[in-house]
Amino acid sequence: MPLYLNEDQTMLRDTAKDFVAAEAPVAHMRALRDANDPTGFSKELWKQFAEMGFTGILIPEGDGGLGLGHVEAGVVLEEIGRNLSPSPFLATAVAAVEALKGTGHAARWFPGILAGDTVAALAIDETPKFTGQVSLAAERAGNGFRLSGAKRFVAHAHVADLMIVAARTSAAGASSSGVTLFVVDPKTAGIEVRTERLADSSLASHVTFANVEVDADTVLGEVDQGDSPLGRLLAAGRTGASAELVGVGGGAMDMTVNYLKDRKQFGVAIGSFQALQHRAAHLYSEMEVARAAVLKAQQLLDAGQDAAEAVAVAKAMTGLATTLAVQEGVQMHGGIGMTDEFDIGFFMKRARVLAEMFGDTNYHANALAEASGY
């Protein structure tokens, strides 16, 4: 598979680039932060995403969507990252849609996602860093289950219409993971949502489940067989986060290169200094390698092939490359790079949050090492 976009994907990229840059540039994120916006994103913009067809990219044509793939979703996510646009696109239109596909829940929730009326939250994490640990208990109660435990860093939980919750229904066995996914109404009695702002000014919640009663219809997939939908959710989320990271790193790099061309010392542009040229060239090469890794993972997912290693490589590589991009950006901007008045610092903050999402570089590097027998 060639590691470049085809004609249709290039047209989508151009459309997404113009739309996001016009409707949700960095100034849009800054305005939401300065206003201490309680939602964390613009609901009107989410509706516009739907009108552009973006929310239906991964939804099958038979369900009213566009029936496209992860490459196309990544094209939109890269532009979201480049502009630091606050949006539920990654959690809702990518990760949640992949988990809901082929289940009885799709018919209920896909129309709202397509219309830009529905927002999903992913209650997956339980520890300060992603470990894949699932301890939240789901005990059988009547014809349903009783959920008890807590989840951390649940984006959009305070405004979500549905929450996909990973819970342990039994001990892992030879034929099952013991994990089950549930589609839960966040307003169900017994759910407490405590919301805080993260480093990038986005909102995430600590969600506590105190003997929350849910019926059997909330099960996503099969009881004790949650690995399949959870695996789809994580693969889509990690690949999508990687695409957004490429956008964040690319945006930071472009801003930095432009600054090197404009800023003058001793009567010449600082971009003419060889040391800075070498650093900019190194950064460009690292970002291109990361972009190729993401595209490979997206293509494998779209082809229905085993993409586990490619997804891990993509998330690890984009974490490293984008961290380099934002660090070099702040450093090469000099003192102004440390101020709130200039935008480069926002890229560093968003990169930090995305790098941790669904597992950081060390998590995925370790997973690759273990898969190789080291």
Side-chain angles (χ1 to χ4, degrees), residues 11-29 31-33 35 37-101 103 105-123 154-164 183-187 193 195 201-205 220 233 236-237 240-241 243-244 247:
M11 290 176 61
L12 174 62
R13 181 196 63 190
D14 294 342
T15 299
K17 182 177 182 178
D18 292 343
F19 171 77
V20 179
E23 300 297 331
V26 179
H28 171 78
M29 181 278 296
L32 289 173
R33 184 207 65 168
D37 185 85
T39 301
F41 64 91
S42 167
K43 292 184 178 181
E44 291 74 17
L45 180 64
W46 184 230
K47 292 284 289 185
Q48 288 180 276
F49 266 68
E51 292 167 2
M52 294 292 293
F54 296 157
T55 60
I57 285 177
L58 286 175
I59 294 177
E61 289 184 274
D63 292 316
L66 298 180
L68 300 177
H70 292 275
V71 175
E72 289 80 7
V75 163
V76 176
L77 281 163
E78 185 170 343
E79 297 310 318
I80 288 173
R82 188 179 303 278
N83 292 277
L84 305 182
S85 310
S87 169
F89 184 84
L90 175 58
T92 301
V94 177
V97 162
E98 279 300 304
L100 295 169
K101 272 184 184 178
T103 72
H105 295 279
R108 178 180 178 186
W109 295 111
F110 280 177
I113 294 174
L114 285 166
D117 294 327
T118 296
V119 172
L122 310 175
V154 186
H156 316 305
H158 63 302
V159 292
D161 301 285
L162 72 146
M163 187 183 300
I164 298 179
V183 179
V184 180
D185 182 347
K187 300 178 181 63
V193 177
T195 304
S201 299
S202 64
L203 293 169
S205 303
L220 179 60
L233 183 156
E244 190 172 341

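All values below were derived from every heavy atom in this structure, side-chain atoms included, with hydrogens, water molecules and symmetry-related copies excluded.
- With rounding to the nearest 0.5 Å, the separation of CG in Asp37 from OG in Ser201 is 11.0 Å.
- Scanning all heavy atoms of the two residues, the minimum distance from Leu203 to Pro38 falls at CD1-O, 3.3 Å.
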Worksheet entry | Worked verdict on Leu45 versus Glu23 for side-chain contact (heavy atoms from CB on, under 4.5 Å) | CA-CA 8 Å; Leu45 180 64; Glu23 300 297 331; 3.9 Å; yes
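- Remark: His156 NE2 to Met163 CE distance equals 12.0 Å, nearest 0.5 Å.
- Nearest heavy atoms, Ala120 versus Ala91: O-CB, 3.9 Å.
- Side-chain contact between Phe54 and Leu77 is absent, with no heavy-atom pair separated by less than 4.5 Å.
- The side-chain heavy atoms of Val183 and Leu100, taken from C-beta on, include a pair separated by under 4.5 Å.
- By the 4.5 Å heavy-atom criterion applied to side chains, Leu162 and His105 are not counted as neighbours.
- With Thr55 contributing its side chain and Leu114 its backbone, the two residues share a donor-acceptor pair below 3.5 Å.
- In this structure, Gly116 and Ala50 approach most closely via the heavy-atom pair N-CB, 3.4 Å.
- Counting only heavy atoms from C-beta outward, the side chains of Arg13 and Glu78 never approach each other to under 4.5 Å.
- Nearest heavy atoms, Gly40 versus Leu32: O-CD1, 4.2 Å.
- Applying the 6.0 Å contact sphere to NZ of Lys17 captures no more than 12 heavy atoms from other residues, nucleotides or ligands.
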Item to complete: Determine, stepwise, if the pair Asp117 / Lys47 fulfils side-chain contact (heavy atoms from CB on, under 4.5 Å).
Response: CA-CA 7 Å; Asp117 294 327; Lys47 292 284 289 185; 2.9 Å; yes
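- A 4.5 Å side-chain heavy-atom check between His158 and Pro186 finds every atom pair outside the cut-off.
- Between atom CD1 of residue Ile59 and atom CD1 of residue Ile113 there is a gap of 5.5 Å, rounded to the nearest 0.5 Å.
- Smallest separation of non-hydrogen atoms from Phe110 and Pro60: CE1-CD, 4.1 Å.
- Closest heavy-atom contact between Ala106 and Pro111: O-CD, 4.0 Å.
- The OG1 atom of Thr92 sits 11.0 Å away from atom CH2 of Trp109, with the distance rounded to the nearest 0.5 Å.
- In this structure, the side chains of Phe19 and Glu79 stay at 4.5 Å or more apart for every pair of heavy atoms.
- The NZ atom of Lys187 lies 6.0 Å from the CG atom of Asp161; values are rounded to the nearest 0.5 Å.
- With Lys101 contributing its side chain and Leu58 its backbone, the two residues share a donor-acceptor pair below 3.5 Å.
- A distance of 6.5 Å separates CE in Met11 from OG1 in Thr15, rounded to the nearest 0.5 Å.
- Aromatic ring pairs are classed by plane angle as parallel below 30°, tilted from 30° to 60° and perpendicular above 60°; the pair Phe89 and Trp46 is perpendicular.
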